[in-house]
Amino acid sequence: MLKRPNFILFITDQHRADFLGCYGHPVLKTPNIDRLADTGIRFDKFYVTSPVCMPNRASLMTCRMPSSHGVRANGIPLERRNVTFVEVLKAAGYETVLIGKSHLQNFSGRPSMIEPPVTRPDHFRADRPLDQSVRTEYQDPFFRVEEPDFWDGPQPKVPTPFYGFDHVELVTGHGDAAGGDYVQWLAERDADAASKIGVKNQLPHDYSCPQAVRTAVAPEHYSTTYIAERAAKWIEDRKDSDKPFFLMVSWPDPHHPFNPPGKYWDMYKPEEMALPAAFAANDWTPPFHVAAAIREREEGRANLAGMSTVACSAREALEARALTCGLIAMIDDALGTVVSSLDRTGRADDTVKIFTSDHGDHLGDHRLLFKGAEQYEQITRVPFIWSDPEGKAGEQTGAIGQTLDIGTTILERAMVEAPVGMQGIKLPVAGGEGRRAALIQYDHQKTDPAFGPQPRVHTLHDGRWRLSLYHGSDFGELYDLEADPEELSNLFDNPAATCEKVRLMEMLARAEIAVVDRAPGPTGQA
């Protein structure tokens, strides 16, 4: 039997493709991530399946689109009817390990934002489970594992296998108030940690950016360090094992609140950051969905403490960028800790190392922060590096790939057959080809200031052009990314771009047809 490689998948949060040293960021230095790029292949056109945590992470695990696996938006846990590529690796003899963020389930503990429809007085309305057109298993306690109530209980421990992972050390939430297994680790190292967490306990600073929080938690006690330390220990504890492994090292950062601890707070200065083009361009008129966010902020209605898009000033944008660079620098150091453990245990030469993120952040581009229904490259295009000891090194590719292709490519490299119905392809790093285009599906339960309740938008990227259609609106977007990489000139209603618009409309329709489920398959002939 041929020896199967080990795999480590490093995944971060809200990490734009252009915010890596190896992608040419003018200031940010990421020597450990750069080293992965120098020993592997990096993709310049790698896209998410949805620019939101839960849908995209569910696509990572299932190798399917949100419309197929059912996690269309944040707030919908991944049901166990979905087979994950991690389960398939486990069945093939792999040890399967998750250390860090999962976010395949809700971890806020807050109820849904969507109110049930009002029943007309002369109509009967059925109770659960007949109140929705699809039955679910969400009443099972399994789907509350990431919620605060679970971790407040006696001796909480993630039940395994957890979506295919046999060993799980979980981190939930963001910033210095992260939860899960991390909480006990933190308490053992700092008995006063509770008095250092959150906005009310932050250290003094002069930043004005929304959610800029100078945490009092020390870097050695921050969740990024916990994840790196636990991953390195797991590798070193298995140094004598011959069993192949898949290890997912999943950091909740970079993310808002922007709170790099200790030295990482002032490692980068706002004045070092590049001013986003939308602030520098005097002739740019914000499109109506951006204008709606700007108006909401000007009128004092924007939720500056929330998760969704808010408008920002140029100064706030530069501050957010500097603090994000600090968060990424800490992740780069943590990644170095994990990779060093491979070197010490002699596993580096038989381990494929992969680096990616689950979506990006506007970080001031188009005068916006955070993320929402907008489909700009800053939130849809993410880094992807594949470093294989038996593969090519130091190369860059323009092939298009997506998050749902990661698992199928890992299975191919592991010589394991992907289940019927997985929609990911094998990427060029494993003998495949890139995609003709990337299909992105966005849904959300939060009302959008421009598109109203439950916004929905689908997008197609073909390597040069980006087309986006918004449900319930005549508004659309069409950008020539070669001529207009900053996406400042919308050609959707421009007669000169009609041919490209029609071509991309057809590609979008064909892409949607291609991801209609073929699983489960027929059980016989009718």
Side-chain angles (χ1 to χ4, degrees), residues 13-14 16 19 48 50-53 73-75 113-114 174 207-212 254-258 273-321 323-324 359-381 440 442-459 466 468-479 484 486-490 492-493:
D13 208 329
Q14 283 196 193
R16 293 163 41 151
F19 262 62
V48 297
S50 181
V52 192
C53 285
N74 271 2
M113 298 177 181
I114 300 174
H174 295 290
Y207 279 56
S208 60
C209 173
Q211 298 191 45
H255 200 279
H256 49 92
F258 305 111
M273 300 293 114
L275 183 69
F279 288 106
N282 295 323
D283 59 346
W284 182 63
T285 301
F288 97 100
H289 59 322
V290 176
I294 293 173
R295 184 168 57 254
E296 190 178 50
R297 179 76 188 273
E298 290 174 344
E299 295 174 354
R301 296 182 291 109
N303 181 9
L304 302 184
M307 290 285 180
S308 299
T309 302
V310 297
C312 67
S313 68
R315 179 64 189 180
E316 290 169 341
L318 298 178
E319 290 176 354
R321 288 171 172 234
L323 296 176
T324 295
H359 56 80
D361 186 309
H362 289 299
L363 291 178
D365 280 290
H366 303 94
R367 306 181 189 176
L368 303 173
L369 284 179
F370 313 147
K371 63 189 184 298
E374 313 81 28
Q375 298 288 286
Y376 293 117
E377 288 248 304
Q378 290 80 19
I379 61 171
T380 62
R381 189 168 70 94
I440 300 170
Y442 174 89
D443 240 299
H444 210 285
Q445 57 177 296
K446 184 181 184 298
T447 296
D448 184 90
F451 301 107
Q454 300 181 55
R456 173 175 290 176
V457 53
H458 286 196
T459 288
R466 191 259 283 188
S468 295
L469 298 180
Y470 292 78
H471 176 65
S473 173
D474 292 334
F475 175 76
E477 291 180 288
L478 178 65
Y479 294 97
D484 177 27
E486 300 292 344
E487 298 174 283
L488 298 178
S489 180
N490 185 5
F492 191 81
D493 294 321

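These numbers come from a predicted model, not from an experiment. Side chains included, hydrogens not; waters and symmetry mates left out as well; all remaining heavy atoms used.
In this structure the side chain of Phe451 never reaches within 4.5 angstrom of the side chain of Arg456, judged on heavy atoms. With a 4.5 Å cut-off on side-chain heavy atoms, Tyr479 and Gln375 do not count as touching. Annotation: side chain of Phe475 is in contact with side chain of Asn490 (closest heavy-atom distance under 4.5 Å). Residues Val48 and Tyr442 form no side-chain contact, since every pair of their non-hydrogen atoms from C-beta on lies 4.5 Å or further apart. With a 4.5 Å cut-off on side-chain heavy atoms, Met113 and Thr447 do not count as touching.
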Applying side-chain hydrogen bond (donor to acceptor under 3.5 Å, both in side chains) to His362 and Gln378, what does each step give before you reach the verdict?
CA-CA 5 Å; His362 289 299; Gln378 290 80 19; 5.0 Å; no
If you apply the rule side chain to side chain contact (heavy atoms under 4.5 Å, CB included), what do you find for His174 with Gln14, and how did you get there?
CA-CA 11 Å; His174 295 290; Gln14 283 196 193; over 6 Å; no
Between Thr324 and Leu363, does a side chain to side chain contact (heavy atoms under 4.5 Å, CB included) hold up when you go through it step by step?
CA-CA 9 Å; Thr324 295; Leu363 291 178; 3.4 Å; yes
Evaluation steps, side chain to side chain contact (heavy atoms under 4.5 Å, CB included), between His458 and Leu469:
CA-CA 6 Å; His458 286 196; Leu469 298 180; 5.7 Å; no
Identify every side-chain donor-acceptor pair in residues 296-307 under 3.5 Å, counting partners at least two apart or on other chains, and give the distances.
from, atom 1, to, atom 2, distance (Å)
Arg297, NH1, Ala311, O, 2.6
Arg297, NH1, Glu316, OE1, 3.2
Arg297, NH2, Glu316, OE2, 2.8
Glu299, OE1, Arg301, NE, 2.8
Glu299, OE1, Arg301, NH2, 2.8
Asn303, OD1, Ala305, N, 3.2
Asn303, OD1, Gly306, N, 3.3

For residues 279-287, dump all side-chain donor-acceptor pairs below 3.5 Å to protein atoms at least two apart in sequence or in another chain.
from, atom 1, to, atom 2, distance (Å)
Trp284, NE1, Leu488, O, 3.3

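Scanning all heavy atoms of the two residues, the minimum distance from Asn74 to Cys53 falls at OD1-N, 3.8 Å. Shortest non-hydrogen contact noted between Leu368 and Ala293 is CD2-CB, 3.9 Å. When all heavy atoms are compared, the tightest approach of Ala320 to Cys209 is CB-SG, 3.8 Å. The shortest heavy-atom contact between Pro51 and Ile379 is CB-O, 3.4 Å. Contact record, Ser473 with Phe288: OG-CZ, 4.4 Å, taken as the closest heavy-atom pair. Of all non-hydrogen atoms in Ser308 and Lys446, the two that sit nearest each other are OG-CD, 2.9 Å.
Note that OG of Ser313 and CD1 of Ile294 are 11.5 Å apart. Values are rounded to the nearest 0.5 Å. Taking CZ of Phe492 as the start and CD of Glu477 as the end, the distance is 9.0 Å to the nearest 0.5 Å.
Relative ring orientation between Phe370 and His256 is described as tilted, the plane-to-plane angle lying within the 30° to 60° band.
Using a distance-only test at 3.5 Å, with no hydrogens or angles considered, no donor-acceptor pair links the side chain of Asp448 to the main chain of Pro455. Judged by distance alone, with hydrogens and angles left aside, the side-chain atoms of His366 form a donor-acceptor pair with the main-chain N or O of Glu486 at under 3.5 Å.
Residues passing the side-chain hydrogen bond (donor to acceptor under 3.5 Å, both in side chains) test with Thr309 are Glu374, sequence neighbours excluded. With sequence neighbours left out, the side chain to side chain contact (heavy atoms under 4.5 Å, CB included) criterion links Glu377 to Tyr47, Arg381, His461, Leu481, Glu487. With sequence neighbours left out, the side-chain hydrogen bond (donor to acceptor under 3.5 Å, both in side chains) criterion links Ser468 to Thr459, Arg466.
For residues 362-373, the set of pairs meeting the salt bridge (Lys or Arg N to Asp or Glu O under 4.0 Å) definition, not counting sequence neighbours, comprises Arg16-Asp365, Arg321-Asp365.
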